[in-house]
Structures are given as structure tokens and as C-alpha cells.
Amino acid sequence: MSTYDEPEPTHRSESTSPPDDAVQVLDTDGTLLPGAQRPALTDQALLEMYEELVLARRFDERATGLQRQGRIDTYAPMRGQEGSQVATSFALDDEDWLVPTYRDHAAKHAHGRSYEALLTHLSGYREGYAVPDDVNALPEYIPIGTQVPQAMGLAWGFTMQDPHDRAVLCHFGDGATSTGDFHEGLNFASVYDVPTIFVCNNNQWAISTPFEAQTATETIVEKADAYGVEGVRVDGTDPLAVYAVTRAAVEKAKHPAEGERRPTLIESCQYRLGAHSTADDPSAYRSEDDGEDWEDQDPIERLERYLYHEGILDDDLADEIADRVEDCLATAIDRAEATETDPTRMFEHVYEEPTDRLREQLADLDGLRERHGDDAFAEVGE
Amino acid sequence: MSTAADPSESADDDTVEVEPDVAADAIDLDTYDGPTESLSLVEAVRDGLGLELARDDSVLVLGEDVGTNGGVFRATEHLQDEFGPHRVIDTPLAESAIVGSSIGLAISGMRPVAEMQFMGFASPAYDQLVSHAARMRSRSHGQYTLPMVVRMPYGGGIAAPEHHSESREAALVHEPGLKVVTPSTPADAKGLVAAAIRDPDPVIVLEPKRLYRAFREDVPEESYTVPIGEASIRRAGDDLSLFTWGASTQPALAVAEDLAAENGLDVEVVDLRSLSPLDVDTIAESVQKTGRAVVVHEAPKSAGVGAEIVATINEEALYHLEAPVTRVTGFDTPVPLSTLEDFYLPQALRIREGVLETVEA
Ligand SMILES: Cc1ncc(C[n+]2csc(CCOP(=O)(O)OP(=O)(O)O)c2C)c(N)n1
């Protein structure tokens, strides 16, 4: 199915998860598969990728814990999916844009968003959604599939201004491919031939709906054919493979060869090891041994083993990285928890200038706060 | 208003419709003395769905995660075990297809009950709802009718992420051809779900998710309906009428009790329960009696259903008014994330101020 062939993709022969037609570079034991090449990444870049993965895993653990302690609101775990998230962002240049979902924490971080900002919005402050001017990412999308046509439009606009300037990478899950927006967005992207990389993080589940019940096709990638975009299927737990296919897609998006189409649909095969969100209980819909095959597909261990084999990483360096990660998260959590807000903020940014009605409503609220104090606003009986 | 099939109407129609008699199964919850069980609102919804699935083979439940998972709020828990995957159907993630296919299913003779996981995610289905569900009967000159239900958890107050807290009832109420109901108690929830399923028209059931597990009450065990189009007077009073629905009913009642105890102010709390059709008679009679009114809703103020109620009061009871009608509502802003939700929701403090302002005016 895959039309991607540089470096020579290696297809696994035995059928485990992910399926054997997905592009792979590393074996699960962290050795290069026969015929596979290390992507063009320096030792330093590989170490950065590794650190980003370790940070992502720890962020996930800490965020889940914070939610259980009631310190943040609902959180969407990404355990098992960090490799794909980090590698796709590593394949982007700074000027390229990222359009993430509620689960793409590591992708966002790797493209320049801070974990502090993520924790801020997870703590219930809209302030955390504000994206710094020097980071080319949109705030995360929660309504499923809606980002697909928007990402296409972003890329379309960029090509109108400079055809080789930037690519747009858009994430979504397998569930999103059932929405009308997915199909409309891909079709537009192809018709207008815009530099968009559509990454389906196929984690096999949309809350309780398994992949087989989501679509009657065997793969997501085959849907690319219907729209005339290139489709690539990759092992999403192999960070180097994900990097290689995404990087090629980004290059092509910005500098297509004669007759080559810019958009690519990447199906990144993964497994959601944890719950859909902290409000979800997977034991209600999947058996305990479901996904067992995926357990030895840990993206972090896979890269770690490779780095050890290659002599790029050793125990001392790994410890150093682990310490740095803990410090980084401790600071992010402290800062996010020190966020302050004010009810008047609710009225900001609804329009560029608040309407008379909004000003009136704000004045009423301010009057009440003055007379009664903020504690009086807590809901009765709650 | 009667939701039972009008015999003269079926005589005009070519369709063979067996409309269960909703009115016959309506019970007066205030005087009911049969066997009951203690249920939360979400359990009552499930009970209502289960009984309708059992009594009518054409009833189907469909939506995202409604089967094995029993719904993200557990509103359909165990129903798939009981009725099988062909009656309680997990669908792909596609709101437009869920509602669009329900329209086709209804025309084919089934009675689909679709779930939108959250009202904030029903937007893709809006085209199907307003362009088709709302007008199939009128468009086909009565040949095709849509006995279908769309259930949507709505409203804020549970510290949910973005897009999980919307109250968009006004948009639906504005569509001729759709009926819109919203229970505020477990007993009403069970009866309204049953009435909605048996109704010959498309009915949207808005379920206040903040109340899903907020409290329990004794709910009749038997199958029954609560007629669509009838408001419920939750607390009778002479001094002022408080009109509300859904999750705002609880703080409204609490304020009424407090003011009665503190100031001897006798506030009538009317839970509209059915937003379309609106129970104009109950609204008018209440204001004619009390002379003052406050409308409370969680949705933004501008062009909310509250505006419709104020206009209705003007039409039906203007000369009985002793003060302008006050609206206590959400603000004209998106629903904020958790830290500011208490300031957005029309909770007790703001309701109380609205009542006192209207009394003192
Ligand atoms: C339009 C829409 N419908 C329903 C939901 C509720 N919902 C949130 S996540 C989800 C499943 C999404 O699955 P998938 O696209 O595979 O992404 P994943 O969560 O697995 O990363 C659903 C149904 C939503 N957010 N948006």
C-alpha cells in the first residue's frame, strides 16, 4: 500500500501488531531492520528526540496523577502514542504549522508549546490556550474531525502567499476518519493540491469503538486513494520510521517534484494503552488482554535500545536526562498552579471590542462581586 | 396539547401509523401511589429507554459508545446486553450520519432514539435536524412523519473541557417541526423519554448532565409518559413567578425556599420542561396570579429562550405585570473552563438578586 520508498522501507514479515505493510526502521529490540537506514538525524538530534519522549511519558504519568488528585480537569492520556507524536513534530521545520487534538500533548511540546501552558488549560484556565507568536501551532481541537478542512485551508493560504514556504501537519484519530469533515478536507486538499500532511494516529480505539467497528476498510491509508492523495502506513511505535515518512511528506509538501501531489495521508499505527480520558473506564469495553501484542512495541524503549546499541546513550546520560525531565515537570506544574485569573477575563476576546451588552453584563457581575465577594458564587448544593 | 395521534390526521395520511396513546399512559406523579424505585436522573433515562425497547420492537437506540460501553454517562448501560447489538447500536463517529440515518430509519417504520454524546458535538447533525428532521412532515405534505428522538446531554457545571458545556436549546426551539423537552427530575426524565419515543414527531430530549447524578427520587416502576407541552409547577407561590428548566431548576427552588423562610416571599417555581411546544397557558396563568416574573436559564442571554418567554408574557399577561420581567442567564460569552464556571452559571446568588430586584421594582 505504501508508496513511500526513501529510505527503503522494511516491511515486517511476521504478522504482529502493527500490521506488516507498515513502514518500519527499527525492530522492537532497537536494531535497524535489514535494509533500513537511519534517517538523517545527528546523534544530538536523536538524543533530543529521546529526551522529548522520556519527558512525554513522565508528563503523561504526572498529569494522570494530578487529575486523580483533583488538581487538573479531565486529561486525555497518550501512553504508547508518544513516539508518533514526537517524531512527527521533529519532522517539521519551525515555520511549519501544527494542528493538534486534545491528545497530542507531546506533539505540541516538541513543536514549541510548553508543558506549563498545557497544564494551565488543563487546570481550567483558558489562558493556557494562548499560543506564543513564535510557535506555529493552533490550540488543540476537541470536536472531532473539524480541524481537517481548517488545516487544509491554512496550507492553502500559505501556498497562495508563497508556494514553497510552509507545510501544515494535522493530527486526528481513527474515529475522525468517519466524520464528514475528514472526507471534505482531504478532497479539498487534493483538489487544490496544498501542502498538508494528514496524520491519522490510529490507536485502534475511539473511546469504546474498536477500529473494526469504525470502518469496514482494512486500513485508513487506503482512503487516500479515493481522494488522490498519497497514502503511507507507518509503524507509529517506531519513532525513526515515523520521522522518516513524515519528513519525506513535509519535503514533498513544500517542494514537490514534477507531477507530484503535495498532500499526504499518513496512517500511523499505534495502540492506546491507557484510558480514553481520565473520565473513561476501558474495562467496560475491552478485555484485559486486548492490545497485548502492542506491549512490546514501546516507542521509548525501542529508541532507547537503538541509542544504547549505537553507543549514543549510556546509563549516566540516561540518568542525567531523567533528572532534567523531573525538574522540567516540577517547574511546569508549580508555575501552572500559580496561574491567576479573574472572572472579567470571561468577557475578553469574545469580540475585538466588547459589545455594549457584554459591557453591561460585566458591570452587573462586577457589582455582585463587590457586594457579595467571590465565594458567594459557588453553586448551592454542589 | 395532546401528543397522541390525531385520528383525523392518520385518516388523511397514506402511512399506516400505529401511534401508541401517550395520553392514556400519562400519570400524575404528584398523586401516584404505586410501586416506586429510587433512581438518579440518568438511571431514570435508562429505565425509560429500556421499557420502550421492551414494549415496541421498532424502537432502536443508536449512537457513539452507547452499546458495549453503555454510553459515556452510562445512560444506556446494559441495554445492549438485554436487547442485542441490532437494537442498541454502536455507530461510527459521525453525528450527521447518526441523525440522517435516523430520519431514514423513521421513514422506514422504525423508531430510532439517537444519542449525541454531548450537545456541543451535535453541530455536524444540525443540517440533518433543521433541513430535514424538522420539515419532513410538512415537506411531504404529511406523507412521511418522523417518530424519532435525539437525546443530548447539555449544560455546564461539571468542570468539563471545551465544547462539553453548551446549552443551545434556543437554536432547536427556533425550528418549526422539532419538539424540545428537558427534564429536571428523574421521574420526569423517565416519562418524557417515553413520551418522546411514542411521539409521532421528532423530539429532542435535552438532558441536564449536571443533574444526571445530583440526586435520587422515587420513580414509578411501571412504564408511563409525561405529556410533552406541559410545564410543571414545582413550587406554588403568589408573589412572583420564576420560570426555568433543566439544571437551573434546582438553584431556583433553593432560592424560593430561602426567600420564603427569610422574607416570607412566596415564589412560584415553574419548570417549563417542554420548551417546544411551550406551555403558554401555565406561563400566562402564573403571571396573572403573581404579577411578577423572572426567567432563569443557563444559555447566553441574547436571543435565548428567555426572550421568548418574556415576549409570551407581554402577549398574554402584560396588564397583570407590576414590574418588568428580569432575565438571569449565562453571559453572551462561550462557557468558560472550570475555574470561572461558577461565575458564568446563573446560580443561587444571581437568581436571588434577580428575584429581589423584580420584587422591589
Ligand atoms: C464531533 C464529536 N463527536 C463526539 C465527540 C466525543 N468524543 C471525544 S473523543 C471521541 C473519540 C475519538 O476517537 P479518535 O478520533 O479515534 O481519537 P482518539 O481519542 O482515539 O485519539 C469522541 C466520540 C467529539 N469530541 N466530537
Side-chain angles (χ1 to χ4, degrees), chain A residues 73-74 76 102 121-126 128-129 139-140 142-146 173-181 206-209 213-215 277 279-281 284-286 339 341-343 345-348 350 355 357-358 361-362 364-365 368-369 371-372 374 376-382, chain B residues 64-74 77 90-97 117-118 120-121 123-124 127 157-164 210 214-215 247 250-251 254-255 258 300-302 329-345 347-351 353:
Chain A
D73 299 333
T74 315
Y102 49 84
H121 94 245
L122 286 168
S123 305
Y125 300 99
R126 189 189 56 194
Y129 276 127
E140 65 184 39
I142 294 179
I144 304 296
T146 48
D174 41 306
T177 66
S178 295
T179 67
D181 276 346
I207 310 188
S208 72
T209 306
Q214 192 65 245
T215 174
S277 76
D280 171 55
D281 172 16
Y285 54 81
R286 70 183 184 192
T339 308
T341 191
D342 188 271
R345 294 268 176 89
M346 202 161 45
F347 297 86
E348 288 175 358
V350 183
T355 60
R357 275 233 151 163
L358 279 173
Q361 293 177 7
L362 173 58
D364 286 348
L365 179 62
L368 276 177
R369 293 174 63 209
R371 291 197 299 281
H372 300 278
D374 284 357
F377 284 80
E379 185 62 281
V380 279
E382 296 267 311
Chain B
E64 295 155 13
D65 306 294
V66 299
T68 340
N69 198 31
V72 294
F73 289 104
R74 304 282 176 262
E77 198 167 27
D90 274 324
T91 66
L93 205 164
E95 285 77 10
S96 180
Q117 206 160 72
F118 286 84
F121 303 132
S123 321
D127 185 31
I158 61 160
E162 250 197 309
H163 306 286
H164 288 73
R210 180 154 44 126
F215 63 96
Q250 287 305 314
V255 167
D258 285 355
K301 184 174 193 175
S302 293
T329 67
F331 300 117
D332 292 348
T333 72
V335 188
L337 295 179
S338 61
T339 46
L340 298 183
E341 250 191 322
D342 279 344
F343 295 94
Y344 176 89
L345 296 173
Q347 31 58 315
L349 174 66
R350 285 173 59 213
I351 297 173
E353 290 276 314

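By convention in this document, chain letters (A, B, ...) are assigned in the order of the sequence lines, proteins followed by strands, and residues within each chain are numbered from 1.
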In chain order, what residues pass the ring pair (Phe, Tyr, Trp, His ring centres under 6.0 Å) check against Phe121(B), with sequence neighbours excluded?
->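 Per chain and number, Phe121(B) pairs via ring pair (Phe, Tyr, Trp, His ring centres under 6.0 Å) with Phe118(B), His164(B).
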Please look at [X] and chain B and tell me whether the side chain, the backbone, both or neither of the residue comes under 4.5 angstrom of a heavy atom of that chain.
X: Arg369(A); result: side chain
X: Tyr102(A); result: neither
X: Thr209(A); result: both

With rounding to the nearest 0.5 Å, note down the distance linking [atom1] in [X] to [atom2] in [Y].
X: Tyr344(B); Y: Phe377(A); atom1: OH; atom2: CZ; value: 14.5 Å
X: Asp65(B); Y: Ile207(A); atom1: CG; atom2: CD1; value: 4.5 Å
X: Glu353(B); Y: Arg371(A); atom1: CD; atom2: CZ; value: 5.0 Å
X: Glu64(B); Y: Gln214(A); atom1: CD; atom2: CD; value: 8.0 Å
X: Thr339(B); Y: Arg126(A); atom1: OG1; atom2: CZ; value: 9.5 Å

Taking every non-hydrogen atom, the tightest pair across [X] and [Y]:
X: Leu340(B); Y: Asp342(A); answer: CD1-O, 3.6 Å
X: Val350(A); Y: Pro334(B); answer: CG2-CD, 4.1 Å
X: Pro92(B); Y: Ala213(A); answer: CG-O, 3.8 Å
X: Leu93(B); Y: Gly175(A); answer: CB-O, 3.5 Å
X: Ser338(B); Y: Ser123(A); answer: OG-O, 3.9 Å
X: Met346(A); Y: Pro336(B); answer: SD-CG, 3.3 Å

Sort [X] into side chain, backbone, both or neither according to what part of it lies under 4.5 angstrom from a heavy atom of chain A.
X: Gln117(B); answer: side chain
X: Thr333(B); answer: both
X: Ser302(B); answer: both
X: Glu162(B); answer: both

Any donor-acceptor pair under 3.5 Å linking the side chain of Gln361(A) with the backbone of Asp332(B)?
->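 Here the side-chain-to-backbone pair exists.
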Working for side-chain contact (heavy atoms from CB on, under 4.5 Å), residues Asp374(A) and Phe343(B) = CA-CA 8 Å; Asp374(A) 284 357; Phe343(B) 295 94; 3.7 Å; yes
Chain B interface, residue from Thr179(A), Asp73(A), Thr146(A) that has the most non-hydrogen pairs under 4.5 Å =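 Of the options given, most contacts go to Asp73(A).
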Test salt bridge (charged side-chain N to carboxylate O under 4.0 Å, His left out) applied to Glu77(B) - qualifying residues, sequence neighbours left out |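 So Glu77(B) forms a salt bridge (charged side-chain N to carboxylate O under 4.0 Å, His left out) with Arg46(B), Arg74(B).
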